[in-house]
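Written out below as C-alpha cells is the structure these notes cover.
Quick note: residue numbers are just sequence positions, from 1.
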Amino acid sequence: MDPVIVAGAGPVGLTLALALARRDVPVILLDEAEVIADAEGLRRSRTAVLGPAAVALVERLGCPAVREDGIAWTGWRTVRRRAEVARIDFGADDAPLHIAQHRLENGLRQALLGCGSVRIVAGCRVDALEQDGHGVTVHTTGSHETWWRGSHLVGCDGPRSTVRKLLGVRFPGRTAVDRHAVAVVRAELPEPGVALLHRDPPGAPAGQEVTARPLPDGLWRLDWLLPVQARALTPDALVERLRGTLTAWCGSVVPYEVVGSADYSVHQRLARRWRSGRVFLAGDAAHLMGALGAQSVEEGLRDAENLSWKLALAWHDGASKLLLHSYEAERRGAVGARLRATDQVLPLLRASGTWQTVRQSVLSGSARGQAELLTDSHLGRGAAAGSRVYARSPLALPAPRSGGGRSGASPLVAGCDTPPGGQVVDVQVTALDGTVGRLRDRLGQGLVVLLIAPGTGVWESRHWLTAGLMPRLASAVAALPTSAELLVAETYPGATAHSVLLIRPDGHLVTAMVGCRPAELYSYADLARGGPPTAVGGDEDDGPDGDAPDGGGQHPAARRVPGSGASGARVSGRTR
C-alpha cells in the first residue's frame, strides 16, 4: 500500500509521522527546511508549553528525554504592581513543561531516525496535488522535483500552508490580536522554576504586561505586550525594557545574557475545512491561536494524536466515512471553542482601565476574579480547558446525565466523573500479565477497556484473572470489532466498583458503564471506530461540505499527468 505523506517537519509533522510509524504505517515526510533571516535568534525564542498529556504522548512515541530537555514549572504567579494577586503551585502530575521548540523537534527527529518505515525528504516543497478514490499524488520542487504517491496527505506546513492553498480552503480570522517582544535571557531571577505574569510593573506605563517563563540551564523567556500598531522594537529599546524589568523584579539590573529575541504579532485564524477527501490539515496550517498564552504547539500535537490513530486504522483495516470525518468535527470544534473563549476574555483584559479600577485589597472578589481570569487564560485552564472535551463527537453517543453532573456541562456517564469525549484521568493500572504502570503509558495503539476493581492491587493477577467479572469481560473484549487491551485499576474519580471505561487510543473517553454488558460494550467499540469500514475508495467523499473529492480550487499544475521519478519512494507512474 502507498505510504501516508506528511508535508511539514515542524513539531506537529514530526509527531504525526512518528505516531503513524509506531502503528506500522509507512510515511514520507516532506521537509521544506526554509532558511529565514535571523534564524538563530528566532529559533531560540520559540518555545512550547506542554501539559502532562502532551508530555506523555511525546514520551510514548520514543522521546524519553523530553523532560530533561525542558523544565517542569513548580508554580505560577500573577502580580499587579508590587502585589501578588494569584498563585498556583504545581505538583508532579499537573506541572506544565516548558521546552525550546528546536529541542522538542530534535528529540522527535532523533526518534524518527530509528523508524525504518519513515523516509524524511529534505529541501522539497509541495506545489501541486491531485487525488482520486484510492490515493493522493503530490508534486514537489526543490532538491526532489518529482511526483509522490500516497494513501493520504496531511498538511502540517504552517500558517502559510501550501497544501491549504492548493485545496482552496479559506483561513479566516483576526490579524494582530496581540503583539509581543520576546527575549530569551540567561539570568538569576527570583523563584527559579516559577513562571510570572506581571501587570503594571512599577515605573512602567499603565497597561504594560510582561511574562517570565523559566527554561532549562538558567534561561528565561520574557514576553512584553506591545501596542499592536507600534513600530518594531529596536535592539536598544528591547535592552531598555529588559533592564527596567530586571530592576523591578530584582531591585537592580542583575547580570544577564541575551541569547535570542524576536518581535511578532499574534493572529487568530481557523481554517474553514480541515479535510478535503484524502487530504487533511493539522497544526498551524489549520489554526492560529497564540493570544493570551494559548500554545499552538500543544494544540497541534493534539491534532496529530487524534488523526494518527484514525489514519492508522484506515490504512490497516479500512475506515468508515464517519471515522475520518470525526477528525474535523472533533478537533475543529475543540479549537473553535477555545478561540471563542479567548475572544470573550480578551476585551475584558485588554480594555483600558480594567486593572486601574481595581482599588480594593488583593483579596477582594473583583481583584481575585480578574487575576484568576488572566491566569487561567495564560495556562489554558477554565474555559480554555473545554478544548480537551469532544462534547459533540460523532464517535460517542451522549449519555444520560447522572446525579454528579454540573449544570451546563457535558453529561457525565454512569460510574465515571469524566464526560463522554473528555480526556481520562491518569491513574495507576495493572495489565493482565501483572505489569503495573500508568494509564497514559498504555494508550496509543488500540482501544483500552478499564475495569475499576478495588483491592486488586494487593493480589497477584493470577488470583483475580479468574474471579468476578474478569472472565466474562475478557471474553467480551476479545470479541470487540477492533483491537483493545483490558486493564484494571483500583480507583478512578467518581467510579464505583465494577465500573468499566471504554477509552480511545488518544485518551478520550467513549463511555463508561457499571458491570459487564458485552452487547453494549461491542456497540460502543463499533461506534468508536466509526462503524464498519466502507468499501475500498469509499472514504474519499469530503463530507457535509459536498466538495468534489479532487479538492476543487487546487493549483492548475495539479491537473498535469504525473510522471515517473528516480526516487526510491513510491512515485505515480499512472497515465490517463
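- Formation of a donor-acceptor pair under 3.5 Å by the N306 side chain with backbone atoms of D303 is not found in this model.
- Side-chain atoms of V182 and S261, non-hydrogen and from C-beta on, never get closer than 4.5 Å to each other.
- Residues L246 and L189 share a closest heavy-atom pair of CD2-CD2, 3.5 Å.
- Side chain of Y256 to backbone of E188: no donor-acceptor contact under 3.5 angstrom is found.
- E305 and R302 are not joined by a salt bridge, as no carboxylate oxygen comes within less than 4.0 angstrom of a charged side-chain nitrogen.
- Rounding to the nearest 0.5 Å gives a distance of 11.0 Å between CD of E299 and CG of D284.
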**OP:** Begin with the C-alpha distance, continue with both residues' side-chain angles, and end with the deciding distance and a verdict on side chain to side chain contact (heavy atoms under 4.5 Å, CB included) for R275 and L281.
**Re:** CA-CA 6 Å; R275 180 195 179 198; L281 300 175; over 6 Å; no
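- Nearest heavy atoms, R529 versus T482: CD-CB, 4.4 Å.
- For the pair R23 (side chain) and G444 (backbone), a donor-acceptor distance under 3.5 Å is present.
- For the 3.5 Å distance criterion, the side chains of R340 and T342 fail to qualify, holding no donor opposite an acceptor.
- R60 contributes a side-chain N or O that, together with a main-chain N or O of R440, makes up a donor-acceptor pair within less than 3.5 Å.
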Subject >> Verdict with supporting geometry, L112 and L14, side chain to side chain contact (heavy atoms under 4.5 Å, CB included) >> reply: CA-CA 8 Å; L112 267 179; L14 291 168; 3.5 Å; yes
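- Of the possible polar contacts, one joining the R332 side chain to the A271 backbone as a donor-acceptor pair under 3.5 Å is found.
- Contact annotation: the side chain of H508 never approaches that of I503 to less than 4.5 Å [non-hydrogen atoms, C-beta and beyond].
- Across T418, V449, L450, a single residue satisfies side-chain contact (heavy atoms from CB on, under 4.5 Å) together with L501, and that is L450.
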**OP:** Start with the C-alpha gap between W220 and R186, add the side-chain angles, then the distance that decides, and say whether side chain to side chain contact (heavy atoms under 4.5 Å, CB included) holds.
**Re:** CA-CA 6 Å; W220 292 78; R186 181 175 283 107; over 6 Å; no
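- Rounding to the nearest 0.5 Å gives a distance of 9.0 Å between OG1 of T247 and CG of L242.
- Checked by atom type, the side-chain pair T47/R221 shows a donor-acceptor distance below 3.5 Å.
- Looking at S326 and Y390, their side chains never bring a donor and an acceptor atom within 3.5 Å of each other.
- Looking at P96 and L50, their side chains never come closer than 4.5 Å, going by heavy atoms from C-beta outward.
- Between the side chain of H267 and the main chain of A176, a donor-acceptor pair closer than 3.5 Å is present.
- When all heavy atoms of A53 and Q423 are compared, the pair lying nearest together is CB-NE2, 3.8 Å.
- Taking a 6.0 Å sphere around CD of E191, one finds it holds more than 12 heavy atoms contributed by other residues, nucleotides or ligands.
- Atoms CG and CG, on L307 and D506 in that order, are 10.5 Å from each other to the nearest 0.5 Å.
- Salt bridge status for E328 with R331: absent, with no side-chain N to carboxylate O gap under 4.0 Å.
- Residues V25 and L311 have side chains not in contact (no heavy-atom distance under 4.5 Å, counting atoms from C-beta outward).
- Remark: the H287 side chain and the S296 side chain contain no N/O donor-acceptor pair separated by less than 3.5 Å.
- At least one donor-acceptor pair closer than 3.5 Å links the side chain of D426 to the backbone N or O of L439.
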Original post:
Where do L196 and R213 land on the side chain to side chain contact (heavy atoms under 4.5 Å, CB included) test, with the steps shown first?
Top reply: CA-CA 7 Å; L196 170 67; R213 300 178 175 96; over 6 Å; no
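- Within 6.0 Å of CZ on R174 lie more than 12 heavy atoms contributed by other residues, nucleotides or ligands.
- Taking all atoms of both residues into account, the shortest heavy-atom contact from R241 to L225 is NH1-O, 4.5 Å.
- Between S308 atom OG and R22 atom CZ the span is 12.5 Å, to the nearest 0.5 Å.
- Between the side chains of D343 and Q268, at least one donor N or O lies within less than 3.5 Å of an accepting N or O.
- You'll find the side chain of L451 reaches within 4.5 Å of the side chain of L469, heavy atoms only.
- Remark: L527 CG to L395 CG distance equals 6.0 Å, nearest 0.5 Å.
- P214 and W73 make their closest contact through O-NE1, 3.3 Å (heavy atoms, listed as atom of the first residue, atom of the second, distance).
- For the residue pair T78 and R87, no side-chain donor N or O sits within less than 3.5 Å of a side-chain acceptor on the partner.
- T15 places no side-chain N or O within 3.5 Å of a backbone atom of L301 that could act as its donor or acceptor partner.
- P201 has its side chain within reach of Q208: a pair of non-hydrogen atoms, C-beta onward, lies under 4.5 Å apart.
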**OP:** Show the numbers, then the answer: is there a side-chain hydrogen bond (donor to acceptor under 3.5 Å, both in side chains) between W224 and T211?
**Re:** CA-CA 7 Å; W224 291 270; T211 56; over 6 Å; no
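- Two residues are said to be in side-chain contact when any heavy atoms from C-beta on lie closer than 4.5 Å; V488 and M470 meet this criterion.
- Across every non-hydrogen atom of L29 and G13, the tightest pair is CD1-O, 4.1 Å.
- Once rounded to the nearest 0.5 Å, the distance linking CE of M289 with CG of L339 reads 5.0 Å.
- Using a 4.5 Å heavy-atom threshold, the side chains of I88 and L379 count as touching.
- A salt bridge links E330 and R504; the closest N-O separation between the charged side-chain nitrogens and carboxylate oxygens is under 4.0 Å.
- Between R103 and D217 there is a salt bridge, since a side-chain N of the basic residue sits under 4.0 Å from a carboxylate O of the acidic one.
- Ion pairing between a basic and an acidic side chain is recognised when a charged N comes within 4.0 Å of a carboxylate O; D69 and R67 show no such pairing.
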